[in-house]
Every structure is written in C-alpha cells, then in structure tokens.
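Have a look at the structure below, then the notes.
Computed from a predicted model, the values in this text were never measured in an experiment. Atoms within each ligand, like the ligands themselves, are counted from 1 in listed order. Throughout, residue positions are numbered sequentially from 1 according to the sequence presented.
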Amino acid sequence: MLEAGPVRPVVRVRDVWVEYSLAASPLRSRKRIHALRGASFDVLEKETYGIVGASGSGKSTLLKVVMGFVRPSKGSVEIDGIDLYNADGRTRKNIVKRLGYVSQNPLAAVDPRYRVRDIIAEPLRASGVPKREVSRILPALLEMVDLDPDVIDLLPHELSLGMLQRVVIARAIAVKPRVLLLDEPTSALDTVTQSHIVSLLGELKELFGYTSILVSHDLKVVSHLANRLAIMMAGLILEEGPTSEVLESPLHPYTRELVDSMKLKEVGEVFITDPSACPFYAHCPRRLEERCRELPLLTEVGSSRRVRCWLYV
Ligand SMILES: Nc1ncnc2c1ncn2[C@@H]1O[C@H](COP(=O)(O)OP(=O)(O)OP(=O)(O)O)[C@@H](O)[C@H]1O
Ligand code: SF4
Ligand SMILES: [Mg+2]
C-alpha cells in the first residue's frame with residue numbers, strides 16, 4: 001500500500017475503478033469494460049510521472065479521471081489535497097481550470113474555425129486575464145514553443161501537425177498549469193517531429209519545473225522525460241519505480257519485454273483472455289502455471305518500487 005509520506009503529493013490517486021457500459025445491440029448483448037481496476041499512485045511536486053501501456057490499457061481513462069472528465073465508480077483523486085469528486089461544483093471547476101491538457105490528436109483538440117491567436121488565448125480569457133495582458137503574453141508563448149510570431153493569424157489547416165501540436169502545448173501552458181497532463185503528445189506525428197516535440201517538452205520542463213503526467217505507448221518517449229514510470233496493462237498498474245531503476249532492472253516480465261524492445265524488438269500485441277488471471281499470463285515466459293491464474297497484488301519492493309507479479313511475493 002502507498003503510505004502518506006512527509007511531502008504531500010500534488011496528485012494523489014487512490015484505488016480508482018472505471019467501468020464503461022456498452023448498450024446492447026442486435027449483434028451483442030450489453031457489455032461492461034473494466035477500463036481501470038484499482039489504480040493508485042502519487043505525483044510529487046515538479047515531477048514528471050510517466051505512464052506506459054499498450055492500446056486499451058486504460059492510460060487515457062486515467063488522465064480523464066484526473067482531469068475531472070470521467071467520474072470513477074470507486075476511488076478518489078486529490079489535487080493539492082482537495083478531493084476532486086467530493087468537492088462542490090465551483091471548487092472542482094477551479095481545480096480543473098488549473099490543469100493543462102495536451103491530447104494525442106491535435107486536430108481534434110482545436111476548433112478548426114479558430115485562429116492560433118484565439119486557440120491559445122481561450123484559457124487565458126476564461127481565467128479572466130485582461131485583453132491587453134493576453135496580447136502581451138501571446139508572442140512570448142509562441143516563442144516558448146518555437147513558433148514564428150507570423151503564425152498567430154493562421155487557421156489550424158494552414159499549419160503542419162507538428163506546428164499545431166506546438167499551438168496546443170502553448171495553450172496548455174498559457175495558464176501556468178498546476179499539473180500538465182500529456183496524453184500521447186507525439187503519437188500522431190512523424191518520427192522527426194516527434195523528437196522535436198520531445199525536446200520541446202524537455203526544455204519547457206527545465207524552464208518551468210512543472211508537475212506533469214505523461215502517457216504514451218512508447219517507453220522511449222516517456223523515459224526521456226519522466227522521473228518515475230508506471231507500466232500498465234488491462235486497467236492495472238503492473239510496475240512502478242524511478243525511471244532509471246525500471247530501465248536498468250525491470251522487475252515485471254512485461255516491463256522487461258518493453259525495455260528489451262527499446263533496444264531490440266517490437267513487443268507483440270498482448271491479448272487478455274482471463275480477467276481474473278495475471279494479464280500477462282498467456283505470454284509470460286516465467287509464468288507459474290497455477291499461481292499466475294490468480295491476479296497478484298501490486299506489492300512494494302524496496303523503498304521505491306512496486307510490482308504486480310507472483311515472482312516478487
Ligand atoms: N467512452 C468509452 N466507452 C466505452 N469503452 C471505452 C470508452 N473509452 C475507453 N473505452 C475502453 O476502455 C479501455 C481503456 O481505454 P483507454 O482509451 O483508456 O485506453 P488507452 O490506454 O488510452 O488506449 P490507446 O493507447 O488506444 O489510446 C479500452 O478497452 C477502450 O476500448
Ligand atoms: S504473475 Fe506470473 S504470469 Fe504474471 S508476470 Fe508474474 S510470473 Fe508472469
Ligand atoms: Mg489513449
């Protein structure tokens with residue numbers, strides 16, 4: 001279990017469960033999807049907390065829960081000690097206003113009729129920043145994300161995807177967010193643009209020392225920026241620890257495959273057949289036939305690591 005340490009975390013997520021319900025159709029009966037199954041973690045001041053997992057592992061759902069977009073069926077999220085889902089509407093709105101969000105698809109994140117000036121200015125205006133002050137801040141924000149001031153009057157379709165993602169990042173940092181939430185910020189971009197955006201995020205982190213959560217299916221991207229890492233599969237955190245330790249000595253067999261894949265090979269798609277077993281059961285080279293049919297708990301290993309695997313119990 002996570003203990004309350006001497007330092008209060010900026011984000012505190014405890015035992016969060018999310019279930020989506022799909023209505024019945026002529027082709028199938030009503031279906032429930034357990035997107036999150038008891039996620040717990042802390043994000044500390046000025047830390048970048050990285051979450052890595054394959055498609056469908058629950059990464060975006062986790063960010064949406066922290067953003068206040070998806071109410072969990074169980075569990076809690078605290079930002080600076082305030083319980084997001086038990087706060088009154090006004091308090092919750094004020095907390096959410098202080099969170100910056102960058103989604104994986106910059107095209108879907110902006111109104112195609114808005115010019116760059118209005119896209120970036122939107123959260124500043126919503127926070128009551130006077131018009132003259134907004135005009136003063138905008139060029140500085142463009143400079144911070146390495147965009148030419150001339151783009152200010154362009155429409156989204158007149159920008160490349162990489163430029164548009166820089167605009168979305170400028171909008172997210174405009175209000176000096178308490179926490180910056182980055183959902184696969186590079187996945188829609190080509191490889192060269194990806195590396196530019198990763199360096200930009202690194203520079204901004206140096207500049208502002210912001211607290212952030214970065215989600216990606218790409219361990220390489222996350223390990224460049226994150227201080228600590230969580231590895232997810234099937235709505236579960238399988239392992240957590242300081243980035244350097246996880247990369248140097250991965251504990252969970254799935255993490256080991258991901259780390260190897262950074263150097264050697266791609267990790268194949270993992271199909272989960274039995275939700276009550278370890279989600280890596282069918283693929284794990286080290287599985288214990290009977291024991292691993294039961295889901296292990298996330299257990300502390302040493303002072304800084306947690307892992308969900310029977311090999312460490
Ligand atoms: N609104 C929704 N309604 C029904 N099911 C959903 C909804 N959103 C997500 N899911 C399902 O919940 C699970 C977790 O989805 P989520 O989007 O959080 O995963 P992810 O790790 O972000 O995946 P990706 O890498 O593809 O973005 C998936 O099985 C997904 O299909
Ligand atoms: S719990 Fe068992 S199947 Fe799952 S990763 Fe550990 S050894 Fe492999
Ligand atoms: Mg996602």
Side-chain angles (χ1 to χ4, degrees), residues 13 16-25 28-39 50-67 69-73 75 77 101-106 108-109 181-189 213-219 221-222 229-240 246 250-260 267 269-299 301 305-313:
V13 173
V16 161
W17 292 71
V18 170
E19 188 181 285
Y20 294 111
S21 204
L22 300 179
S25 73
R28 54 136 217 269
S29 53
R30 188 181 153 87
K31 195 175 165 194
R32 287 177 199 284
I33 294 169
H34 298 279
L36 291 176
R37 298 192 277 160
I51 300 174
V52 181
S55 182
S57 55
K59 308 179 299 293
S60 295
T61 303
L62 201 44
L63 281 196
K64 285 176 190 162
V65 170
V66 175
M67 272 303 287
F69 292 162
V70 170
R71 180 180 276 275
S73 52
V77 174
Y101 181 63
V102 176
S103 75
Q104 74 189 79
N105 182 358
L181 303 168
L182 302 152
D183 191 354
E184 308 238 21
T186 60
S187 68
L189 311 173
I213 306 178
L214 168 65
V215 151
S216 176
H217 63 275
D218 189 341
L219 179 58
V221 167
V222 176
L229 279 181
I231 308 292
M232 284 191 75
M233 183 185 281
L236 299 163
I237 293 178
L238 296 187
E239 175 160 5
E240 182 200 62
V246 173
L251 299 174
H252 197 283
Y254 178 58
T255 316
R256 186 169 291 276
E257 283 207 7
L258 287 177
V259 172
D260 285 350
V267 179
E269 185 97 15
V270 174
F271 296 102
I272 288 103
T273 44
D274 179 359
S276 60
C278 166
F280 200 46
Y281 181 85
H283 304 260
C284 182
R286 301 184 65 191
R287 74 168 172 248
L288 314 161
E289 286 300 333
E290 279 315 308
R291 191 130 206 231
C292 299
R293 283 182 194 279
E294 210 181 298
L295 185 62
L297 291 174
L298 192 58
T299 311
V301 177
R305 312 276 299 265
R306 293 190 293 158
V307 65
R308 187 188 294 275
C309 175
W310 287 117
L311 298 174
Y312 300 90
V313 176

If you scan protein heavy atoms around atom 19 (O) of ligand 1, the nearest is Gly58 N, 3.3 Å

For Ser57, counting its heavy atoms only, list the atoms of ligand 1 lying under 4.0 Å from any of them.
-> 19 (O), 21 (O)

List the closest protein heavy-atom neighbour of atom 17 (O) of ligand 1: residue, atom name, distance to the nearest 0.1 Å.
-> Ser60 CB, 3.8 Å

Is it the side chain, the backbone, both or neither of Val215 that has a heavy atom closer than 4.0 Å to ligand 1?
-> neither

Which heavy atom of the protein is the closest neighbour of atom 26 (O) of ligand 1, given with residue, atom name and distance?
-> Ser55 OG, 2.5 Å

Nearest heavy-atom pair of Val221 and Ser216: which atoms, and what distance?
-> CB-OG, 4.3 Å

Can you tell me if Glu239 and Thr255 form a side-chain donor-acceptor pair at under 3.5 Å?
-> yes

Ligand 1 versus Gln104: contacting region, heavy-atom distance under 4.0 Å | side chain

For atom 29 (O) of ligand 1, closest protein heavy-atom neighbour | Ile33 CG2, 3.7 Å

What do you think, any protein heavy atom under 4.0 angstrom from atom 31 (O) of ligand 1?
-> no

Cys278 neighbourhood, listing ligand 2 atoms whose heavy-atom distance to it stays under 4.0 Å = 1 (S), 3 (S), 4 (Fe), 5 (S)

Please examine the side chains of Cys278 and Pro296, heavy atoms only from C-beta on, and report whether any two atoms are closer than 4.5 Å.
-> yes

Please identify which atoms of ligand 1 are closer than 4.0 Å to at least one heavy atom of Ala54.
-> 21 (O)

Please find out if atom 6 (Fe) of ligand 2 and some N, O or S atom of Cys309 are separated by less than 2.8 Å.
-> yes

Tyr254 (side chain) donor-acceptor with Leu238 (main chain) under 3.5 angstrom = no

Arg30 side chain to Ala24 backbone, donor-acceptor under 3.5 Å | no

Near Leu311, which atoms of ligand 2 are under 4.0 Å from a heavy atom of that residue?
-> 7 (S)

Is the backbone N or O of Ala234 less than 3.5 Å from a side-chain atom of Arg37, with the two atoms forming a donor-acceptor pair by type?
-> yes

Can you pull out the closest protein heavy atom to atom 15 (O) of ligand 1? Residue, atom name and distance to 0.1 Å, please.
-> Thr61 OG1, 3.8 Å

Atoms of ligand 1 close to Leu22 [distance to a heavy atom under 4.0 angstrom, numbered from 1] | 4 (C)

Over 12 foreign heavy atoms within 6.0 Å of CZ, Arg286 = no

For atom 3 (S) of ligand 2, the option (of Arg287, His283, Glu239, Arg291) bearing the nearest heavy atom = Arg287

Give the residue, atom name and distance (to 0.1 Å) of the protein heavy atom nearest atom 25 (O) of ligand 1.
-> Lys59 NZ, 2.8 Å

Here the gap from Arg291 atom CZ to Trp310 atom CH2, rounded to the nearest 0.5 Å, amounts to 4.5 Å

At a non-hydrogen distance cut-off of under 4.0 Å, which region of Glu184 contacts ligand 1 (side chain, backbone, both, or neither)?
-> side chain

Drop me the distance from Cys284's SG to His252's NE2, to the nearest 0.5 angstrom.
-> 7.0 Å

Reported CD1-to-CG distance for the pair Ile231 and Leu236, which is rounded to 0.5 angstrom | 13.5 Å

Quick one: look up the protein heavy atom nearest atom 13 (C) of ligand 1 and list residue, atom name and how far away it is.
-> Gly56 O, 3.8 Å

Closest non-hydrogen protein atom to atom 9 (C) of ligand 1, residue and atom name please, with distance?
-> Tyr20 CE1, 3.3 Å

Quick one: which of Val52, Val215, Ile51 gives a side-chain contact (heavy atoms from CB on, under 4.5 Å) with Met232?
-> Ile51

Verify, without hydrogens or angle tests, whether Arg306 (side chain) and Ile237 (backbone) share a donor-acceptor contact under 3.5 angstrom.
-> no

Top protein contact for atom 8 (Fe) of ligand 2, by heavy-atom distance = Cys284 SG, 2.4 Å

Taking only non-hydrogen atoms of Trp310 and a 4.0 Å limit, the atoms of ligand 2 in range are 1 (S), 6 (Fe)

For Cys292, the ligand 2 atoms with a heavy-atom partner under 4.0 Å come out as 1 (S), 2 (Fe), 3 (S), 7 (S)

Atoms in ligand 2 flagged as close to His252, the criterion being non-hydrogen separation under 4.0 Å | 5 (S)

Give a yes or no on whether the backbone of Tyr281 and the side-chain of Arg287 come within a donor-acceptor separation of less than 3.5 Å.
-> yes

Between the side chain of Lys59 and the main-chain N/O of Gly53, is any donor-acceptor distance below 3.5 Å?
-> yes

